[in-house]
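Here the structure is laid out as structure tokens; the discussion comes afterwards.
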Amino acid sequence: MPIATDDPLWREIVTRSQLGGHPLRYLASVDSTNTLALGLGRAGAETGTVVVADTQTGGRGRLGKSWLSPPGAGLYASLILRPSLPVKGLSSLTLAAGLAAARAIEQVCGLRTGIKWPNDVLLAGRKAAGVLVECDLSGAAPLLVLGLGINLTTREEEFPPELRGRATSLLLASGKVVGRGATLKALVCSVEQVMLRMEQADFAGVLGDWRTRDVTLGRSLAWLTVDGQVVAGVSLGPDQEGCLLIRDREGRCHQALSGAIELDPSTLSGYFPESP
Ligand code: BTN
């Protein structure tokens, strides 16, 4: 049974349909807040609009995965943005969005987060939040939707077997019940701050912040490319564009722009020797 939380701030936010100047659309249940936000954005919804739901029946994750969205146990939110950035810079927003989520989580639960490239937010080595960035470049200005899912009060037995031991919630990691209202407020504020830095062309600064939370640096991993190849190597961290650099056993360097990363749990540190 989900943990019942009395959250007056959440009720106030969804009743007022706005948060700190952002129009807000609330649904008790929706297939995916990202799908709805993309539709609203294409129909001309105001930049900064926030879409939230108590539950999602078809919550979507990266790479075609689904996102577990039990009623009230997590925050499921999407933000409609039209950043004034060159299209080339949009891929770096994926990392920036992960940093924004990480900082918001740190603020509300008081624990330090880790980030697994490109934007999985971890608490004590387990995934607590994920970010799905989607864009539509068909209009006059690029439409961007940042979808953020944060596990707040999910308990171990509520995760499907394949996620147990890999996923966590703020409650499991910190012992605290953190409300959706406070989390959403921190998240929207953190996204605003990070996006401002991006628009001021400070991706280097954003990346510097991101790197302090990087859990992949120096670790052995497998990169599963979108076309089904597996590249085994060691993470050298993200480059200036936000792509992950991986050095394989032959010393060749690969630049991962998308795809999934599987960390080898036995390698908390240790590079392959430098190639000659
Ligand atoms: C991932 O880690 O794979 C990304 C997960 C993103 C989940 C959020 S929940 C709110 C928004 N709506 C969706 O359908 N997905 C994102």
Side-chain angles (χ1 to χ4, degrees), residues 13 17-25 33-52 62 75-108 113 115-121 129-150 183-214 237-245 255-258:
I13 291 169
S17 298
Q18 72 94 31
L19 172 59
H22 294 256
L24 181 135
R25 180 86 177 260
T33 55
N34 257 39
T35 306
L36 179 62
L38 277 168
L40 292 172
R42 288 182 188 118
E46 205 177 303
T47 299
T49 300
V50 180
V51 178
V52 288
R62 289 183 64 244
L75 178 67
Y76 320 116
S78 299
L79 270 88
I80 298 173
L81 301 174
R82 293 183 186 81
S84 38
L85 283 175
V87 170
K88 184 173 151 289
L90 292 182
S91 61
S92 53
L93 285 176
T94 302
L95 271 71
L99 176 67
R103 291 172 63 131
I105 290 172
E106 288 170 7
Q107 193 191 323
V108 292
T113 59
I115 309 181
K116 176 171 161 275
W117 185 90
N119 54 22
D120 286 352
V121 183
V131 186
L132 177 65
V133 180
E134 296 184 296
C135 56
D136 182 341
L137 305 178
S138 63
L143 166 68
L144 202 81
V145 168
L146 296 193
L148 303 117
I150 304 180
T183 309
L184 181 62
K185 210 171 153 188
L187 186 63
V188 169
C189 187
S190 181
V191 169
E192 263 177 10
Q193 289 170 354
V194 172
M195 287 304 141
L196 186 66
R197 288 169 73 182
M198 293 298 288
E199 293 190 336
Q200 290 168 342
D202 183 26
F203 182 52
V206 168
L207 200 53
D209 251 4
W210 191 100
R211 286 185 204 280
T212 65
R213 294 166 176 85
D214 185 1
D239 65 13
Q240 298 310 309
E241 274 88 49
C243 298
L244 187 65
L245 298 177
Q255 194 186 34
L257 177 62
S258 58

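Computed from heavy atoms alone, side chains included, the values below leave out hydrogens, waters and symmetry copies.
- Of the possible polar contacts, none joining the R62 side chain to the G130 backbone as a donor-acceptor pair under 3.5 Å is found.
- Heavy-atom minimum distance, S190 versus A104: OG-N, 3.9 Å.
- Of all non-hydrogen atoms in A97 and L148, the two that sit nearest each other are O-CD2, 4.3 Å.
- Between R103 atom CZ and I115 atom CD1 the span is 10.0 Å, to the nearest 0.5 Å.
- Residues G237 and L244 share a closest heavy-atom pair of C-CD1, 3.6 Å.
- Taking CG of L143 as the start and CZ of R82 as the end, the distance is 5.5 Å to the nearest 0.5 Å.
- At least one donor-acceptor pair closer than 3.5 Å links the side chain of R197 to the backbone N or O of G205.
- Using a 4.5 Å heavy-atom threshold, the side chains of L99 and L95 count as separate.
- Contact detail for V121 and G98: the closest heavy-atom pair is CG2-O, 3.8 Å.
- The shortest side-chain heavy-atom distance between L245 and Q255 falls under the 4.5 Å cut-off.
- With rounding to the nearest 0.5 Å, the separation of OG1 in T94 from CG in L132 is 9.5 Å.
- For the pair W210/F203, no side-chain contact is recorded, criterion being any heavy-atom separation below 4.5 Å from C-beta on.
- For the pair M195 and L93, the minimum side-chain heavy-atom distance is below 4.5 Å.
- Formation of a donor-acceptor pair under 3.5 Å by the R211 side chain with backbone atoms of P238 is found in this model.
- At least one side-chain heavy atom of L146 sits less than 4.5 Å from a side-chain heavy atom of L81.
- Separation of atoms CZ (R42) and CG (D136) is listed at 4.5 Å; rounding is to 0.5 Å.
- Side-chain atoms of C135 and V133, non-hydrogen and from C-beta on, never get closer than 4.5 Å to each other.
- Applying the side-chain hydrogen bond (donor to acceptor under 3.5 Å, both in side chains) test to S17 and every residue at least two apart in sequence or in another chain returns nothing.
- The shortest heavy-atom contact between Q107 and A186 is OE1-CB, 3.9 Å.
- Partners of L196 by side chain to side chain contact (heavy atoms under 4.5 Å, CB included), not counting sequence neighbours, listed by chain and number: Q200.
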Derivation of the side-chain contact (heavy atoms from CB on, under 4.5 Å) call for V145 and V51: CA-CA 10 Å; V145 168; V51 178; over 6 Å; no
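- The CG atom of D214 lies 12.5 Å from the CG atom of D209; values are rounded to the nearest 0.5 Å.
- Rounding to the nearest 0.5 Å places NZ of K185 at 7.0 Å from CD1 of I13.
- Side-chain contact check for I80 versus E46: every heavy-atom pair is 4.5 Å or farther apart.
- In this model, a donor atom of one side chain and an acceptor atom of the other lie less than 3.5 Å apart for S78 and N34.
- Closest approach of A77 to L184, counting heavy atoms only: CB-CD1, 4.1 Å.
- A donor-acceptor contact shorter than 3.5 Å links the side chain of E199 to the backbone of S84.
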